[in-house]
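A note on names: the letters A, B, ... follow the listed sequences, proteins ahead of strands, and every chain is numbered from 1.
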There are 2 protein chains.
Amino acid sequence: MTERREEILSLAADMFAERGFGSTTVREIADGAGILSGSLYHHFDSKESMIEEILSTFLDEFAAKAQAVVEEGGDPPEVLQKLVTLAFAAVAEDATAVAVMQNEVGFLLQFPRFAFLRKRADEAEHLWVGVLESGVKSGAFRRDLEPRLAYRFIRDAIWITVRWYRPGGRRTIDEIRDSYLAMLLDGITADRRRGGPAARARPSPPRRRRRG
Amino acid sequence: MTERREEILSLAADMFAERGFGSTTVREIADGAGILSGSLYHHFDSKESMIEEILSTFLDEFAAKAQAVVEEGGDPPEVLQKLVTLAFAAVAEDATAVAVMQNEVGFLLQFPRFAFLRKRADEAEHLWVGVLESGVKSGAFRRDLEPRLAYRFIRDAIWITVRWYRPGGRRTIDEIRDSYLAMLLDGITADRRRGGPAARARPSPPRRRRRG
DNA sequence: GTCTATATTGAGATAGAC
DNA sequence: GTCTATCTCAATATAGAC
């Protein structure tokens, strides 16, 4: 609601992301906001309610965007690339929320209050696995691909980049995404077809630009 | 040294892995061991020294095994597959240590005492990146592969499986590893060469067995 | 090697004045 | 919306008896 509230919540998210939820004290949050710890409780019920709001806000938005991408349609590789792009964009733009989610989800899932985390995770799995299954059926993806297993590898590889991606670092998020997409779609093995006739039809093939 | 000590340490590792280091109390560990909290301090200096021993023991062993694999030699794809196999084996066999490492490394690195975690991580990066670079030079891996970026994706995708891999679950660790290696080496895109002449020479190509 | 007993610290949260 | 003051609880760790 109020601007002050958002400000404090954003500050808390930064601290949760950096030190961990359990190791961040309400006094530290209050210090950062320039008030005393007791005053925090004018804005929030509890420390838990802060992290709940941080995560639910992020997940609501992300779920809506992902749903929209799938509803837009397109062939499976295209939709998959859009989803991957969406996730990497979240790593860059909502880094603190993603970091908090990655670091605390295991702990938070112990409490009924955070059951929505599992619900969102299940929804996402359903969405992505659906795209992968369509791709297998359409012949775009390998016949022997196992969508559920592939999804977990894709999901984890993307979200966990939040641990090392740094804005302003050596690689932009777009470069990281393209590098990942190249590995995901074509693997790391040298392609002996290169230089031959265009043997493959893929929409907007992601290619790493050369370094330097 | 003593058996009792190992027993308690193993119990503590289980608890750290499940609830998180910060949320596990020395009283809970003591309860689990059937003694009172004060008695723990006969075996250990502090709670921190417990997690330090859990992680350093695991990392020492893993570093030695990885070093041995590389010294064995072989062409880069072969060595890479051995390293991947080693890491997945650790996920299965030392699940608690891997889980604790994944979940707590960010927090622990704040303290000088745990600087060895960064040292081990740097060593590992050097080792794996070396293998990837060799493979690019030898022509086994794509020319445009970026070894450091690729390493991070590989590392994270493997270690983080500890969050969902369950012994006795639907997939054995070997199946998960093979599925991952297939994605890593060849990507998820359908291979139109299939059924044509053997266009590719790769040692022991990992293929997912069919489901069912 | 464990227990009894406790020191010490710091956490989240509350009530009411301003 | 913040402060003052404080409650309450639980945490790590210690000292010395057994």
Checklist entry - Does CD belonging to B:Glu18 count more than 12 external heavy atoms closer than 6.0 Å? => result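 Atom CD in B:Glu18 is not crowded, with 12 or fewer foreign heavy atoms closer than 6.0 Å.
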Checklist entry - For the residue pair A:Ile160 and A:Gln102, what are the closest heavy atoms and their distance? => result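 Answer, listing the atom of A:Ile160 first, then A:Gln102: CD1-OE1, 3.5 Å.
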Rounded interatomic separation in angstrom, taking [atom1] from [X] and [atom2] from [N]:
{"X": "A:Lys47", "N": "D:dC9", "atom1": "NZ", "atom2": "P", "answer": "19 Å"}
{"X": "A:Glu28", "N": "C:dA13", "atom1": "CD", "atom2": "P", "answer": "15 Å"}
{"X": "B:Phe21", "N": "D:dA11", "atom1": "CZ", "atom2": "P", "answer": "14 Å"}
{"X": "A:Leu40", "N": "C:dG12", "atom1": "CG", "atom2": "P", "answer": "10 Å"}
{"X": "A:Ile29", "N": "C:dG10", "atom1": "CD1", "atom2": "C1'", "answer": "15 Å"}
{"X": "A:Leu36", "N": "D:dC7", "atom1": "CG", "atom2": "P", "answer": "18 Å"}
{"X": "A:Phe16", "N": "C:dG12", "atom1": "CZ", "atom2": "C1'", "answer": "12 Å"}
{"X": "B:Ile35", "N": "D:dA13", "atom1": "CD1", "atom2": "P", "answer": "14 Å"}

Checklist entry - Of the options B:Phe62, B:Tyr165, B:Tyr180, which is the one that meets B:Trp159 in a ring-ring contact (aromatic ring centres under 6.0 Å, His included)? => result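 So the option named by the test is B:Phe62.
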Next on the checklist: Under 6.0 Å from the ring centre and within 45 degrees of the ring axis: does the NZ or CZ of B:Arg155 meet both conditions for the six-membered ring of B:Trp128?
Outcome noted: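 Ring-cation test returns no.
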From [options], pick the nucleotide closest to the side chain of [X]?
{"X": "A:Ser46", "options": "C:dA13, C:dG12, C:dG1", "answer": "C:dA13"}
{"X": "B:Ser39", "options": "C:dG12, D:dT2, C:dT2", "answer": "C:dT2"}
{"X": "B:His43", "options": "C:dT14, C:dC3, C:dT2", "answer": "C:dT2"}

Checklist entry - Side chain of A:Arg27, base of C:dG10: donor and acceptor closer than 3.5 Å? => result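 Absent.
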Checklist entry - Taking only side-chain nitrogens and oxygens of B:Arg4, does any of them come within less than 4.0 Å of OP1 or OP2 of C:dT2? => result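 Yes, within the criterion.
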Checklist entry - Is any side-chain N or O of B:Tyr41 closer than 4.0 Å to OP1 or OP2 of D:dT14? => result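 Checking D:dT14 against B:Tyr41, no side-chain N or O comes under 4.0 Å of OP1 or OP2.
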Checklist entry - Of A:His42 and A:Ser37, whose closest DNA chain D nucleotide lies nearer the 5' terminus? => result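 Between the two, 5'-proximity favours A:His42.
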Next on the checklist: Would you compute the distance between atom CZ of B:Phe88 and atom CD of B:Glu93 and round it to the nearest 0.5 angstrom?
Outcome noted: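 The CZ atom of B:Phe88 sits 13.5 Å away from the CD atom of B:Glu93.
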Checklist entry - Contact class for A:Thr24 (heavy atom, under 4.0 Å): base, sugar-phosphate, or nothing? => result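 Sugar-phosphate: the residue A:Thr24, judged by heavy atoms under 4.0 Å, touches backbone atoms but no base.
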